[in-house]
Number of protein chains: 4
Amino acid sequence: MVIADIAVMPLIPSVSEEELYKQVDAAIDYIKNSGLKYEIGAMSTTVEGEYDEVFELIKKVHRIPFEAGSERVITVVRIDEKKGGLIIDDKLKNYKNHRKNQ
Amino acid sequence: MVIADIAVMPLIPSVSEEELYKQVDAAIDYIKNSGLKYEIGAMSTTVEGEYDEVFELIKKVHRIPFEAGSERVITVVRIDEKKGGLIIDDKLKNYKNHRKNQ
Amino acid sequence: MVIADIAVMPLIPSVSEEELYKQVDAAIDYIKNSGLKYEIGAMSTTVEGEYDEVFELIKKVHRIPFEAGSERVITVVRIDEKKGGLIIDDKLKNYKNHRKNQ
Amino acid sequence: MVIADIAVMPLIPSVSEEELYKQVDAAIDYIKNSGLKYEIGAMSTTVEGEYDEVFELIKKVHRIPFEAGSERVITVVRIDEKKGGLIIDDKLKNYKNHRKNQ
C-alpha cells in the first residue's frame with residue numbers, strides 16, 4: 001500500500017468561487033466513489049491503496065474538472081511509499097496525541 | 001486569514017524511520033504550540049492564521065529538524081488566500097457530506 | 001544560502017489564458033527585480049538567497065496576482081536548505097551531463 | 001501533450017549527501033533515457049509528453065531510488081494540462097525576456 005495526496009486546481013475559466021468548488025467537488029466525488037480509503041483535508045485529499053490503483057485514480061481525478069467545463073488544470077500529487085507498505089493509520093498514529101480536541 | 005499546509009521532510013542523515021518521525025514530530029509539536037488552528041493529515045499539517053503569523057510559523061517549522069540533528073531539509077508549503085479571508089472550516093464545509101463515516 | 005522554488009497560481013477570476021499569464025508574469029517580474037538569483041522553469045521559478053530574503057520574496061510574490069485583479073491565489077513553495085549553505089549551481093552541477101543539448 | 005514536473009525525494013536511509021544524490025541521479029537518468037523531452041531544474045525535472053506516457057514515466061521514476069537501496073521515497077508531481085495541448089516551449093516563451101543573462 002502507498003499513500004498519496006491529491007490537489008486538483010482548475011485554473012481556466014474560473015469566474016466565480018462556486019464554479020471552482022463545483023469542479024473540485026466533482027473530483028472529490030470521484031475519489032469518494034473509487035473504493036479507496038480517503039481523508040479530505042482543507043488543501044488536498046489523501047488516499048491509500050495499491051500502487052497501480054492509486055495511479056489509476058490520479059489519472060482519472062486530474063481530468064474530472066475538464067468534464068465539468070475547465071480548460072486548464074494543474075494537479076499537485078505527493079506519493080509516499082515505504083518498502084513493506086505504508087498506510088494512513090500508521091502515519092497518523094504517531095501524531096494521535098498532537099490532534100487538538102480529539 | 002489564510003490557510004497553508006506544511007510538509008517538512010528531513011533528508012540527511014536519516015538512518016531509520018524512528019529518527020525521521022522524531023524530527024517530523026518535533027516540527028508538528030512546534031505547530032501545536034504555536035497557537036494557530038491546525039489539522040494534522042497523513043501527508044502534511046494545515047494551519048490557519050493571519051498572513052504574517054503563518055509565514056513566521058513556516059520559517060520556524062522548516063528549521064526544527066536541524067535542531068533535532070538533520071543536515072538537509074526540504075519543506076513543501078502551499079498557501080491558499082482569498083480576498084476577504086479564508087478559513088479551514090469554510091473550505092471543509094463544502095466537503096462535509098463527502099467524508100466517509102462521519 | 002537556501003534554494004526555493006515558487007509556483008503562483010491565480011484561481012479566480014480567470015476567464016482567459018491571457019489573463020492568467022498576465023498575473024503570473026507580474027509575479028515573475030517581481031522575482032526578476034528582487035536582486036536574487038533566479039531560474040525560470042515551465043512549472044515554477046527557483047530562487048537562491050539568504051533565508052530571510054527568500055521568505056520576504058515569497059511573501060511578496062504570492063500577493064502580486066491580487067494587485068493584478070485576482071481574488072484567489074494558491075502558491076506552492078519548496079524550500080531546500082542544507083547545513084552550511086546550498087546554491088543552485090551546486091545542485092545543478094551534479095546533473096550537468098544530464099542536460100539535453102547543452 | 002501535458003507537462004509535469006517531478007521531484008523524487010529518498011528519505012531513508014540517507015547517511016550522506018553523496019548517497020542521496022546517487023539515488024536522485026538514478027531517477028534523472030531514467031527520465032533522460034525515457035525519450036520524453038525534459039528540463040532539469042534545481043528543485044525538480046520537468047517533462048513533456050502524452051498523458052499516458054507521462055504517467056508511465058512518473059510510476060517508474062518514483063520507484064528508481066528503491067532499486068538504488070532506498071526504503072522510503074516521497075515524490076512530488078505537478079501535472080499541467082490544457083484543453084488542446086500544452087508544451088514546455090509554449091509556457092517558457094512568455095518568459096523569454098525574463099531570463100537573466102540569456
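So that the names make sense, note that chain A is the first sequence line, chain B the second, and so on, each numbered from 1. Please read these numbers as outputs of a predicted model, since none were measured by experiment.
The shortest heavy-atom contact between Ala42(B) and Ile88(A) is CB-CG2, 4.0 Å. Across all their heavy atoms, Leu92(A) and Ile40(B) have their closest contact at CD2-O, 4.1 Å.
The contact between Leu86(B) and chain A is made entirely by side chain atoms (from C-beta outward), counting heavy-atom distances below 4.5 Å. Contact annotation for Glu17(B): only side-chain heavy atoms (C-beta onward) come within less than 4.5 Å of a heavy atom of chain A.
Between atom CG of residue Asp80(B) and atom CE of residue Met43(A) there is a gap of 4.5 Å, rounded to the nearest 0.5 Å. From Glu39(B), atom CD reaches atom CD of Glu39(A) across 10.0 Å, with rounding to the nearest 0.5 Å.
The number of heavy-atom neighbours closer than 6.0 Å to NZ of Lys59(B), taken from other residues, nucleotides and ligands shown, is above 12.
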